[in-house]
Amino acid sequence: MKKLIEQLMKFGVVGVIASLIDFGVLYVLTEYLGINYLVSSTISFLASVIFNYILSVKWVFVTAKTNKTKELLLFTVLSAVGLVINNLLMWVFVEKAGVYYMLAKVIATVVVMLYNFISRKILIEDKGAKSFKEML
């Protein structure tokens, strides 16, 4: 249990920094460069995913000594699902519910963060993920 709490705290630190990158890039691209919020959200999400991947595999999740290309592919697939969730929630909240895009981003970030932790814990971390990685 202590290890899980420590891991959650590390995941939280990485998540906060990745979120700052995500929100900062989204805001600058949308407000200062006039890029549509969904395009900006995609770009900002991808920038934060790259940061998150590097720190997640180096610091948060203990990964098996397996093929890093396969690990990156799995991380990319999981992140792509996260991007779809993010953009779908952004669109629903902004276009259908009339929510300010930065507030919609907060909601989408919380949902995607939960998805990311659970999916990466199950599929990327060494324990319990070997059989899934062997399928790749």
Side-chain angles (χ1 to χ4, degrees):
M1 187 65 158
K2 182 180 176 183
K3 184 176 178 171
L4 179 62
I5 291 170
E6 180 182 325
Q7 188 178 39
L8 278 167
M9 291 178 71
K10 287 180 177 180
F11 184 79
V13 168
V14 171
V16 165
I17 297 169
S19 292
L20 290 172
I21 292 168
D22 196 359
F23 282 80
V25 171
L26 170 64
Y27 187 79
V28 168
L29 292 177
T30 304
E31 294 298 324
Y32 293 108
L33 298 179
I35 298 173
N36 177 276
Y37 75 94
L38 284 176
V39 174
S40 297
S41 182
T42 300
I43 294 167
S44 67
F45 186 91
L46 294 174
S48 70
V49 162
I50 292 166
F51 170 84
N52 196 310
Y53 171 75
I54 293 167
L55 261 69
S56 288
V57 298
K58 300 279 185 200
W59 191 49
V60 178
F61 296 105
V62 177
T63 59
K65 304 293 183 221
T66 59
N67 184 328
K68 293 299 179 187
T69 303
K70 288 181 182 179
E71 186 176 272
L72 177 60
L73 176 63
L74 178 58
F75 194 95
T76 302
V77 168
L78 295 176
S79 296
V81 172
L83 176 60
V84 169
I85 294 168
N86 176 78
N87 284 359
L88 179 62
L89 290 173
M90 290 285 293
W91 180 78
V92 167
F93 283 113
V94 173
E95 299 298 327
K96 299 299 180 186
V99 174
Y100 178 58
Y101 78 95
M102 291 299 286
L103 179 57
K105 184 64 174 176
V106 171
I107 298 165
T109 297
V110 170
V111 173
V112 172
M113 180 188 67
L114 292 171
Y115 158 77
N116 281 340
F117 184 81
I118 293 166
S119 65
R120 291 172 187 167
K121 179 90 175 139
I122 293 170
L123 299 174
I124 291 180
E125 192 171 40
D126 189 23
K127 297 174 187 156
K130 289 181 183 174
S131 61
F132 184 81
K133 287 180 183 176
E134 289 170 1
M135 292 187 314
L136 293 176

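Nothing fancy with the numbering, it's 1 onward along the sequence. What you see is a predicted model; the values in this text were computed from it and never measured.
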For Phe11 and Asn116, what are the C-alpha separation, side-chain angles and deciding distance, and is it a side chain to side chain contact (heavy atoms under 4.5 Å, CB included)?
-> CA-CA 10 Å; Phe11 184 79; Asn116 281 340; 4.2 Å; yes
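- In the hydrophobic cluster analysis, where Ile, Leu, Val, Met, Phe, Trp and Tyr join through side-chain heavy atoms closer than 4.5 angstrom, Met113 is grouped apart from Val84.
- To the nearest 0.5 Å, atoms CG (Leu83) and OG1 (Thr76) are separated by 11.5 Å.
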Would you check, one step at a time, whether the test side chain to side chain contact (heavy atoms under 4.5 Å, CB included) holds for Tyr32 with Tyr27?
-> CA-CA 8 Å; Tyr32 293 108; Tyr27 187 79; 3.8 Å; yes
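- Residues Val112 and Phe45 form a side-chain contact, since some pair of their non-hydrogen atoms from C-beta on lies under 4.5 Å apart.
- Note on Leu103: it clusters hydrophobically with Val111, by side-chain heavy-atom contacts below 4.5 Å among ILVMFWY residues.
- Cluster annotation: Leu8 and Leu114 are assigned to distinct hydrophobic clusters (Ile/Leu/Val/Met/Phe/Trp/Tyr, side-chain heavy-atom contacts under 4.5 Å, transitive).
- Separation of atoms CG (Leu46) and CZ (Phe51) is listed at 15.5 Å; rounding is to 0.5 Å.
- Formation of a donor-acceptor pair under 3.5 Å by the Tyr53 side chain with backbone atoms of Ser79 is not found in this model.
- No side-chain heavy atom of Thr69 sits under 4.5 Å from any side-chain heavy atom of Leu73.
- To the nearest 0.5 Å, atoms OG (Ser48) and CG (Leu20) are separated by 10.5 Å.
- Taking the side chain as every heavy atom from C-beta outward, Tyr37 and Leu29 never approach each other to under 4.5 Å.
- There is a path of hydrophobic side-chain contacts, each under 4.5 Å, that joins Ile50 to Val25.
- To the nearest 0.5 Å, atom CD1 of residue Ile5 and atom NZ of residue Lys10 are 13.5 Å apart.
- In this structure, Leu78 is a member of the same hydrophobic cluster as Val81, with clusters built from ILVMFWY side-chain heavy atoms closer than 4.5 Å.
- At least one side-chain heavy atom of Ser41 sits under 4.5 Å from a side-chain heavy atom of Asn87.
- Side-chain contact between Lys105 and Asn86 is present, with at least one heavy-atom pair separated by less than 4.5 Å.
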Would Thr109 and Asp22 count as a side chain to side chain donor-acceptor pair (under 3.5 Å) if you check the C-alpha gap in whole Å, the side-chain angles of each, and the deciding distance to 0.1 Å?
-> CA-CA 9 Å; Thr109 297; Asp22 196 359; 4.5 Å; no
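- The distance from the CD1 atom of Ile43 to the CD1 atom of Ile35 is 5.0 Å, given to the nearest 0.5 Å.
- Leu26 has its side chain within reach of Tyr101: a pair of non-hydrogen atoms, C-beta onward, lies under 4.5 Å apart.
- The number of heavy-atom neighbours closer than 6.0 Å to CE of Met102, taken from other residues, nucleotides and ligands shown, is above 12.
- A salt bridge is absent between Lys2 and Glu6: the closest approach of a Lys/Arg side-chain nitrogen to an acidic carboxylate oxygen does not fall below 4.0 angstrom.
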